[in-house]
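Since this is a predicted model, take the numbers as computed values, not measurements. As the structure lists them, so they are numbered: ligands from 1, and atoms in each ligand from 1.
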Amino acid sequence: MRTAILYSEKMREYDLGHVLTGERYERFMRLFREKLGDNPVFEIVEPDYATEADLKLVHTQEYIRRVERYESRDPHDTPLSPPVVRAAKLMAGAGKLGGELVQSAAFSKAIVIGGGVQHAGRDYEKGFGVFSDVGICAENLMQNYGLERILILDADAHAGDGIYAIFRRDPRVLFVSIHQDPRTLYPGPSYSNPIGEAEGQGYSVNVPLLPGTGDLAYKHVLDNVFVPVAEEFQPEVIIMVDGSDTHFMDRITQMGLTLKGIYMIADKVRQTADNVCQGKVIEFAGSGYDPEGTLFPRGWLASICGLAGIEFDLEEPYPLPVGHRADYAASETRRIVQAVRSTLSPYWKCFASS
Ligand SMILES: [Zn+2]
């Protein structure tokens, strides 16, 4: 089955004037074309801008109006301007289209280049995100295609507090977030790794990891949290949010993954999707912040190769830090996983054996 790469040159307008630069999308595509451009598995698909009706799948009318007046809550973090708002609508349109392509028979996977809004909610922008491409993807599949079970795996280094806020009461969406402990990283300790609310209680599975956590510890989390809960939930599709900010050289986070670790996560998602949902995955690959732009394109490529099940042979662009270990934080991670399973064992049979 084929994999759609959702990309448009117009994405370059998503430039926030800080670590999130507009040239990152094309920079990634240059590496993609060089390494995978002639691989027949992939097809580049140009997304459209989200319409007002698309945005309203998630966002309130008042919020959409405020964004269209360019009234930023936090102009340093998430500035609003005509190009940024246009590009945010393009990203939202890409998220919607990604879901629709995977629903069609033509593609089993869709990858939204540069996407993965994690912090914006139904009526606010936050943390570089304006319109929730992830939320619009999921809501569109539920409201317009009748899907009843969607699993969102957020493997970005930051906790996805906005995605949580959007779906916290919705038992149709199982939200699994593996992230650097928010007591040590944005969005901060106010995100206390909640388990969902009301009907959605038990449908949010947060795994807060220590800074520096490495490849083997991540594998332990996937094998003991993500895979069993995915098999029990039996989603009709998996949405994956990642990028490369879990890499040891990312400049705004402190996690310890190598490119092989990033590949491993996506590879695990592919195998799980093959088992539970005919291989259907929509990936939002957008994070990763290094000023030289050396690392993140390789991180995104590692993830895409893992998801597509093709070999990845790029070298690490930077030497491993002194003392780096793949099993860093392994024993602490086992304890964290045990605590997560125990907290959620009333809701999931697969966690009851902990
Ligand atoms: Zn992040």
Please name the atom of [X], restricted to N, O or S, that is closest to the Zn ion (ligand 1).
{"X": "Asp245", "value": "OD2"}
{"X": "His158", "value": "ND1"}
{"X": "Asp156", "value": "OD1"}

Problem set entry | 4.5 Å side-chain heavy-atom contact, Arg66 and Glu62 |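 Counting from C-beta outward, Arg66 and Glu62 never come under 4.5 Å.
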Problem set entry | Non-neighbouring partners of Asp274 that pass side-chain hydrogen bond (donor to acceptor under 3.5 Å, both in side chains), sequence neighbours left out |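 Residues passing side-chain hydrogen bond (donor to acceptor under 3.5 Å, both in side chains) with Asp274: none at all.
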For this session: For Asp156, enumerate each residue passing the side-chain hydrogen bond (donor to acceptor under 3.5 Å, both in side chains) test, keeping only those at least two apart in sequence or located in another chain.
Result: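 Checked Asp156 against side-chain hydrogen bond (donor to acceptor under 3.5 Å, both in side chains); matches are His158, Ser287.
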For this session: Measure the CG-CE distance between Leu153 and Met240 for me, rounded to the nearest 0.5 Å.
Result: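 These two atoms lie 6.0 Å from each other.
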